[in-house]
Amino acid sequence: MGGPSALPLLLLLASCGAPGGANLSQDGYWQEQDLELGTLAPLGEAVSSTVWGSPDMLASQDSQPWTSDETVVAGGTVVLKCQVKDHEDSSLQWSNPAQQTLYFGEKRALRDNRIQLVRSTPHELSISISNVALADEGEYTCSIFTMPVRTAKSLVTVLGIPQKPIISGYKSSLREKETTTLNCQSSGSKPAAQLTWRKGDQELHGEPTRVQEDPNGKTFTVSSSVTFQVSRDDDGADIVCSVNHESLKGADRSTSQRIEVLYTPTAKIRPDPPHPREGQKLLLHCEGRGNPVPQQYLWEKEGSVPPLKMTQESALIFPFLNKSDSGTYGCTATSNMGSYKAYYTLNVNDPSPVPSSSSTYHAIIGGIVAFIVFLLLILLIFLGHYLIRHKGTYLTHEAKGSDDAPDADTAIINAEGGQSGGDDKKEYFI
């Protein structure tokens, strides 16, 4: 069909398939009457287009393949799927953006092991491309070689993954209330990523993200900076720069910078024991806090000259408290960032009475004896009730077996022994 002798036939076929209102111009272009005036279509494009006005127009739509656009992260795998309802005994074909055939039906055409056949039927041709690179981005074409040839386009978008951000601009240490600026940068994103700042869980409002195209012409480098004033609470805090991009699918990609803040010391005095009494041992702890930690402690007592103690140790010790030790004490904690003085008022209480060991022992013994006596009394009461109930039952049975049983409403005690028989008797009835 491509030889010179086939040209008349080609023109004839094109003329027959052209719309009723289309004419062939002298320069080889179709002029479509139904289109906007002056719009021309090349001859080859007209041959491969849908035939307008043809009675077979609805039937030809069944031979039109269809596909979908795909988005894939660089390094991932993308599947290209092309389908057609009426294949007209023709095979489907996939081509890359450079118009190189990848697969014609189930036959591989391009030697690239990343490209594999997924499914090949008369109605479908699906292929996969693994380890996708940025260079693989573009329009892929699915074709079916009917008359005319019909095609469908699939736009493959490759997302460039941003690199881990880098923070710069931090000095070795910062002083309290000092203002500092930190910079953050990340390369390799496509499209351009966004940068955000936070300090711990607190969001920091940095400058808008700046975008610069990378030398490869496909990816971008983004940068941002943040300026803030530090306080003593920021000592040891983490300043975090995070990159947000659709290729990360919600995964965290961030870098943190821990900052050190130098600040003046603070101090407080803590007694041990908390309520000191006369005769006890007492330690006054001067608890200093700061960055750097206080290296020197000066102890003073109001009204006492000279100072009591200057040392690197933070405790003032009283081996044996006296009433005369009462008063107000001061501790000055000093570092190379400054000094801080804390106060504590000591009131020595009277000594508490201490029970002797013998008294404690006697009290314990007395408690045990009282408990034992109480148990014995309870036992005797229960035993007495038991014996009385048992003996009463016995006498009742004896009275029923004798004709001389006493009246049930009386208890007779005969201590005189005056009855016949001459025997002394005592009778009980309960």
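Note that this is a predicted model, so its numbers are computed, not measured. Scope of the values below: all heavy atoms of this structure, side chains included, with no hydrogens, waters or symmetry mates.
- Looking at Phe318, Tyr344, Tyr297 one by one, the single match for ring-ring contact (aromatic ring centres under 6.0 Å, His included) with Tyr329 turns out to be Phe318.
- Under the 4.0 Å criterion applied to side-chain N and carboxylate O atoms, Glu70 and Lys81 are not assigned as salt-bridge partners.
- Salt-bridge formation is detected for the pair Lys341/Glu300: a Lys NZ or Arg NE/NH1/NH2 atom is positioned less than 4.0 Å from an Asp or Glu carboxylate oxygen.
- Looking only at atom types and distance, the side chain of Ser143 has no donor-acceptor partner in the side chain of Gln93 under 3.5 Å away.
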>> Does Thr179 form a side chain to side chain contact (heavy atoms under 4.5 Å, CB included) with Phe228? I'd like the steps, not just the answer.
In response: CA-CA 6 Å; Thr179 298; Phe228 59 97; over 6 Å; no
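- No side-chain N or O of Ser95 forms a donor-acceptor pair with one of Thr141 less than 3.5 Å apart.
- The residues Asp234 and Lys199 are annotated as salt-bridged, a charged nitrogen and a carboxylate oxygen being separated by less than 4.0 angstrom.
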>> Please evaluate residues Ser63 and Glu88 with respect to the criterion side chain to side chain donor-acceptor pair (under 3.5 Å), reporting the C-alpha separation (whole Å), side-chain torsions for both, the decisive distance (0.1 Å), and the verdict.
In response: CA-CA 7 Å; Ser63 301; Glu88 297 184 9; 2.4 Å; yes
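- Side-chain contact of Thr77 with Ser130: a donor-acceptor pair under 3.5 Å is absent, judged by distance alone.
- Expressed to the nearest 0.5 Å, how far CZ of Arg210 lies from OG of Ser223 amounts to 3.5 Å.
- In summary, the side chains of Trp94 and Thr101 do not present any donor paired with an acceptor at a separation below 3.5 Å, with no hydrogens or angles considered.
- The pair Lys171-Glu178 meets the salt-bridge criterion, with a side-chain N (NZ, NE, NH1 or NH2) lying under 4.0 Å from an Asp/Glu carboxylate O.
- Between the side chains of Ser231 and Gln229, no donor N or O sits under 3.5 Å from an acceptor N or O.
- Annotation: the span from Ile144 atom CD1 to His123 atom NE2 amounts to 9.5 Å, rounded to 0.5 Å.
- Judged by distance alone, with hydrogens and angles left aside, the side-chain atoms of Gln64 form a donor-acceptor pair with the main-chain N or O of Thr151 at under 3.5 Å.
- The residue from Asp235, Val230, Leu174, Asp233 that alone fulfils the side-chain contact (heavy atoms from CB on, under 4.5 Å) condition with Tyr263 is Asp235.
- Taking the charged nitrogens against the carboxylate oxygens, Lys323 and Asp350 do have a contact shorter than 4.0 Å, which makes a salt bridge.
- There is a side-chain donor-acceptor pair under 3.5 Å between Ser126 and Glu124.
- Looking at Glu203 and Arg198, no side-chain N of the basic residue comes within less than 4.0 Å of a carboxylate O on the acidic one, giving no salt bridge.
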